[in-house]
Every structure is written in structure tokens, then in C-alpha cells.
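See structure below.
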Amino acid sequence: QVELVESGGRLVQAGDSLRLSCAASGRTFTRYTMGWFRQAPGKEREFVAAISWSGSNPSYADSVNGRFTISEANAKNTVYLQMNSLKPEDTAVYYCAADQRGSIFYRVSDYAFWGQGTQVTVSS
């Protein structure tokens, strides 16, 4: 059983930076793809970023490209999402996701495992 636990979300001001963490346990994640998604109130869950567990092929949504960075720390079984220059429209619950097929995926339905989410609120 794969368990994903997000942390790091909080209330920040526009322009601030924040780093989210996703601690993974339960499997050997060598060939997994790890993703970050977010869901704002009244909206569908959307892709933010993804990376293969080897650290290659990071991919970003256009809305966060250049501001957010996804990375992994294999020894800690942890994936990070560094978020800079935050905007009020980044306000959402952020979810960590994992899939064992190894490719970069962009759809919610492509990921088999999910965390419970962490709230990020950006005030203007």
C-alpha cells in the first residue's frame, strides 16, 4: 500500500514563496512518477507539475512554469514543490500523486495513488 502525506501548506501573501513536501512510503519508488495537482473551490482538480522518480523530465502547467519547481530527494522518499512569486490564483488544496508506470502523465485519472492534500492560501 502506497501512502502519500503532504505538508507545508499555509496562508501567505502574494509574492511570497512556499515549499510543499510529499512523503511517500509503502513501496520502492524507483520507477514511479510523482505529480502535484491542485483544486480550487468550485473547480476541477488540475495538473501542476510532475517528475519521474529519477529526477528526469520535470513537467509543468503553463500557469506555474517559471515560478514552481518540482524536485525529489530519493534518500528521503520525498517530493517537493517549491513555489515562488505566489499569486492569489494559486490558492487551492494541493495534492501529491504517484503512479508506477514511470511516464509523465497530466490527467487525474492517470495516477493511482493520492495524498489527502494541503491547503495553500495566497492573500492579495
Side-chain angles (χ1 to χ4, degrees):
Q1 182 69 20
V2 172
E3 183 178 18
L4 303 174
V5 180
E6 304 96 333
S7 62
R10 61 183 178 90
L11 172 64
V12 297
Q13 293 186 336
D16 284 353
S17 296
L18 196 62
R19 189 177 78 164
L20 304 182
S21 300
C22 172
S25 62
R27 295 280 179 87
T28 299
F29 292 92
T30 305
R31 301 186 64 180
Y32 274 59
T33 297
M34 304 299 295
W36 284 98
F37 287 73
R38 67 186 182 186
Q39 188 166 17
K43 295 187 177 181
E44 294 187 352
R45 194 170 298 188
E46 65 176 5
F47 172 80
V48 174
I51 192 168
S52 62
W53 197 255
S54 65
S56 60
N57 301 322
S59 183
Y60 301 94
D62 290 343
S63 59
V64 306
N65 196 23
R67 298 188 298 123
F68 290 10
T69 303
I70 187 171
S71 62
E72 45 70 38
N74 285 345
K76 298 181 179 180
N77 268 8
T78 301
V79 177
Y80 302 102
L81 185 68
Q82 177 66 43
M83 305 185 294
N84 298 330
S85 302
L86 282 162
K87 304 175 182 180
E89 51 263 45
D90 294 318
T91 295
V93 178
Y94 283 71
Y95 295 91
C96 179
D99 188 81
Q100 63 188 29
R101 291 172 290 173
S103 298
I104 298 296
F105 300 109
Y106 304 95
R107 300 179 302 180
V108 171
S109 59
D110 287 325
Y111 289 81
F113 306 102
W114 291 86
Q116 294 300 306
T118 185
Q119 176 71 48
V120 173
T121 303
V122 184
S123 65
S124 57

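Below, each value reflects all heavy atoms present in this structure, side chains not excepted, and no hydrogens, waters or symmetry copies.
Using a 4.5 Å cut-off between side-chain heavy atoms of Ile, Leu, Val, Met, Phe, Trp and Tyr, with links allowed through other members, W114 and V120 fall into different hydrophobic clusters. V64 and F47 are members of different hydrophobic clusters when ILVMFWY side chains are connected at heavy-atom separations under 4.5 Å. Criterion: ILVMFWY side-chain heavy atoms under 4.5 Å apart, direct or through other members. Under it, Y60 and V122 are part of a common hydrophobic cluster. L4 and L81 fall within a single hydrophobic cluster, where Ile, Leu, Val, Met, Phe, Trp and Tyr are joined by side-chain heavy atoms under 4.5 Å apart, directly or via other members. Following chains of ILVMFWY side-chain contacts shorter than 4.5 Å, one cannot reach Y95 starting from V79, and the two form parts of different hydrophobic clusters.
Between A14 and S124, the shortest heavy-atom contact is CB-CA, 4.4 Å. Scanning all heavy atoms of the two residues, the minimum distance from S59 to I104 falls at CB-CG2, 3.8 Å. Considering all non-hydrogen atoms of both residues, A92 and A40 come closest at CB-N, 3.8 Å. In plain terms, the two heavy atoms of P58 and I70 that are nearest each other are CB-CG2, 4.0 Å.
Note: M34 CE to S52 OG = 11.0 Å, rounded to the nearest 0.5 Å. Rounding to the nearest 0.5 angstrom, the gap separating the OG atom in S63 from the CG atom in D90 is 7.5 Å. In this structure, CZ on R10 lies 10.5 Å from CG on L20, to the nearest 0.5 angstrom. Distance check: S17 OG to R67 CZ gives 10.0 Å after rounding to the nearest 0.5 Å. Rounding to the nearest 0.5 Å gives a distance of 11.5 Å between CZ of R19 and CE of M83. With rounding to the nearest 0.5 angstrom, the OG1 atom of T69 is 9.5 Å from the CD1 atom of I51.
The number of heavy-atom neighbours closer than 6.0 Å to CD of Q116, taken from other residues, nucleotides and ligands shown, is 12 or below. Other residues, nucleotides and ligands contribute at most 12 non-hydrogen atoms within 6.0 Å of the CZ atom of R107.
Geometric assessment of R45 against the ring of F37 yields a negative cation-pi assignment under the 6.0 Å and 45° thresholds.
Counting only distance, with no hydrogens or angles, the side chain of Y111 and the backbone of F105 share a donor-acceptor pair below 3.5 Å. Of the possible polar contacts, one joining the E6 side chain to the C96 backbone as a donor-acceptor pair under 3.5 Å is found. A side-chain donor-acceptor contact under 3.5 Å links T33 to the backbone of S103.
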Practice problem: Show the numbers, then the answer: is there a side chain to side chain contact (heavy atoms under 4.5 Å, CB included) between W36 and F68? | Solution: CA-CA 11 Å; W36 284 98; F68 290 10; over 6 Å; no

Practice problem: I would like to know whether T91 and Q119 meet side chain to side chain contact (heavy atoms under 4.5 Å, CB included); could you show each step before the answer? | Solution: CA-CA 8 Å; T91 295; Q119 176 71 48; 4.1 Å; yes

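Counting heavy atoms from C-beta outward, L18 and D16 have side chains that stay 4.5 Å or more apart.
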